[in-house]
Enquirer: 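Structure provided below as structure tokens; questions to follow.
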Amino acid sequence: MRGTSIFGVLVVIWLLIGAIAAGQRGYYSGDDKNCAEAGTILVTIVAGPLNYIGANPKVDCELPQPSE
């Protein structure tokens, strides 16, 4: 049981470090959000501390347009 608790704390710390990195890169500023920006924020958070050793994840996506 104790190992699970430590693992959970480590995951939270990992994600928190990623969220800080996304903030330092200015990803939270600006009103315009699209698929690529939201995806980039998400993968930056998931990358966690890897952002500080050179990881710079980016997402490029396009949503399908509705038919006319």
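Residue numbers start at 1 and run along the sequence shown. Side-chain atoms are counted along with the backbone in the values below, which use heavy atoms only and exclude waters and symmetry mates.
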Enquirer: Do the side chains of W14 and L50 get nearer than 4.5 Å, heavy atoms only?
Expert: yes
Enquirer: So, using side-chain contact (heavy atoms from CB on, under 4.5 Å) as the criterion, who are the partners of L16 when residues are at least two apart?
Expert: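 Listed in chain order: I20.
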Enquirer: Using distance only, find each side-chain donor-acceptor pair of residues 40-48 under 3.5 Å and give its atom names and separation, not counting sequence neighbours.
Expert:
from, atom 1, to, atom 2, distance (Å)
T40, OG1, A36, O, 2.8
T40, OG1, V59, N, 3.1
T44, OG1, T40, O, 2.7

Enquirer: Checking Q24 now: which residues fulfil side-chain hydrogen bond (donor to acceptor under 3.5 Å, both in side chains) with it, not counting sequence neighbours?
Expert: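 Here the qualifying residues are Y52.
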Enquirer: N56: what forms a side-chain hydrogen bond (donor to acceptor under 3.5 Å, both in side chains) with it, not counting sequence neighbours?
Expert: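 N56: side-chain hydrogen bond (donor to acceptor under 3.5 Å, both in side chains) contacts with R25.
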Enquirer: Under the side-chain hydrogen bond (donor to acceptor under 3.5 Å, both in side chains) rule, collect the residues that match up with Y28, sequence neighbours excluded.
Expert: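 Checked Y28 against side-chain hydrogen bond (donor to acceptor under 3.5 Å, both in side chains); zero matches.
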Enquirer: Any pair with a residue in residues 36-68 that passes disulfide (SG to SG under 2.5 Å), sequence neighbours left out, goes on the list, sorted by first then second residue, please.
Expert: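 Matches after skipping sequence neighbours: C35-C61.
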